[in-house]
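Starting from 1, each residue takes its place in the sequence as its number.
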Amino acid sequence: QVQLVESGGRLVQTGGSLRLSCADAGRTRTTYAMGWFRQAPGKEREFLTAIRWSGGATNYADSVKGRFTISRDNAKNTVYLEMNSMRPEDTAIYYCNVIDLYGQDYWGQGTQVIVSS
């Protein structure tokens, strides 16, 4: 039932900004947290940031702290990722993730972000 729809990935220049969205179309109202991961070519999936659905507590990976911001709109069942001061090493496929109250997680299809030098 959980279906995550990601959007916003595109080509952007170094130093530019980008905003990604992820809508939980099949939300069961048991969401514990939502987050963002990415996978760069030749690398493993990397945790970026997450936000608790109730209360809005956040955490960030060191690689994006101070540059990326996660936010949510509970009414729209949507999580956002605002990316600033982007670097070529930010090039990756970005994935949205949901974890429910029972510890089960779900993934979106991914959206491609390319940062040109």
Side-chain angles (χ1 to χ4, degrees):
Q1 185 176 3
V2 176
Q3 296 183 355
L4 304 179
V5 181
E6 299 154 322
S7 62
R10 63 174 179 87
L11 175 68
V12 63
Q13 292 185 342
T14 297
S17 299
L18 196 61
R19 180 185 176 97
L20 306 181
S21 299
C22 176
D24 185 0
R27 185 171 181 265
T28 62
R29 298 181 179 177
T30 61
T31 302
Y32 175 73
M34 296 185 69
W36 291 94
F37 292 71
R38 69 185 180 189
Q39 187 168 15
K43 296 184 178 181
E44 297 296 321
R45 183 181 60 190
E46 175 190 13
F47 168 79
L48 298 178
T49 179
I51 185 167
R52 186 175 293 187
W53 212 244
S54 179
T58 61
N59 64 313
Y60 294 89
D62 289 340
S63 61
V64 302
K65 193 175 301 180
R67 297 190 300 122
F68 292 9
T69 303
I70 189 170
S71 61
R72 78 202 196 290
D73 187 330
N74 295 53
K76 296 181 179 179
N77 299 323
T78 300
V79 65
Y80 305 94
L81 182 65
E82 297 179 356
M83 303 183 288
N84 300 307
S85 302
M86 298 192 72
R87 309 163 180 168
E89 52 262 42
D90 293 325
T91 296
I93 299 175
Y94 284 70
Y95 296 93
C96 178
N97 168 262
V98 175
I99 183 167
D100 65 19
L101 294 175
Y102 306 99
Q104 182 68 55
D105 61 349
Y106 307 87
W107 298 91
Q109 79 287 348
T111 184
Q112 177 71 64
V113 173
I114 300 175
V115 184
S116 64
S117 59

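Sorted by first and then second residue, the disulfide bond (SG atoms under 2.5 Å apart) pairs with a member in residues 57-117 read C22-C96; sequence neighbours excluded. Applying the salt bridge (Lys or Arg N to Asp or Glu O under 4.0 Å) definition to pairs two or more places apart or across chains, those involving residues 54-69 are D62-K65, R67-D90.
In this structure, the separation between OH on Y94 and CE on M83 is 5.0 Å, given to the nearest 0.5 Å. In this structure, OG1 in T31 is found 12.0 Å from CD1 in I51, a value given to the nearest 0.5 Å. Taking CG of D24 as the reference point, atom CE of M34 lies at 5.0 Å (rounded to 0.5 Å). Here the CH2-CG distance, from W53 to N77, works out to 6.0 Å after rounding to the nearest 0.5 Å.
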Practice problem: Check step by step if side-chain contact (heavy atoms from CB on, under 4.5 Å) holds for W36 and V64. | Solution: CA-CA 11 Å; W36 291 94; V64 302; over 6 Å; no

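By the 4.5 Å heavy-atom criterion applied to side chains, L20 and S7 are not counted as neighbours. Considering only heavy atoms from C-beta on, R45 stays 4.5 Å or farther from R38 through its side chain. Residues V79 and I70 have side chains in contact (heavy-atom distance under 4.5 Å, counting atoms from C-beta outward). Annotation: side chain of T49 is not in contact with side chain of N59 (no heavy-atom distance under 4.5 Å).
In terms of the side chain to side chain donor-acceptor pair (under 3.5 Å) criterion, D105 has no residue partners (sequence neighbours excluded). With sequence neighbours excluded, the residues satisfying side chain to side chain contact (heavy atoms under 4.5 Å, CB included) with S17 are N84. Evaluation of the side chain to side chain donor-acceptor pair (under 3.5 Å) rule for T58 yields no partner, not counting sequence neighbours. Remark: Q104 engages D100, Y106 in a side chain to side chain contact (heavy atoms under 4.5 Å, CB included) (not counting sequence neighbours). In this view, R19 and E82 satisfy the salt bridge (Lys or Arg N to Asp or Glu O under 4.0 Å) rule, not counting sequence neighbours. In this view, R52 and Y32 satisfy the side chain to side chain donor-acceptor pair (under 3.5 Å) rule, not counting sequence neighbours. Partners of S85 under the side chain to side chain donor-acceptor pair (under 3.5 Å) rule, at least two apart in sequence or in another chain, do not exist in this structure.
Side-chain heavy-atom separations under 4.5 angstrom define the hydrophobic clusters, and the remaining members of the one that includes W107 are F37, F47, I93, Y95.
The main-chain N or O of E46 is never found under 3.5 Å from a side-chain atom of Q39 such that the two would form a donor-acceptor pair. With T91 contributing its side chain and E89 its backbone, the two residues share no donor-acceptor pair below 3.5 Å.
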Please tabulate, one pair per line, all N/O donor-acceptor pairs under 3.5 Å involving side-chain atoms of residues 110-117, not counting sequence neighbours.
residue	atom	partner	partner atom	Å
T111	OG1	G9	N	3.2
Q112	NE2	A92	O	3.1

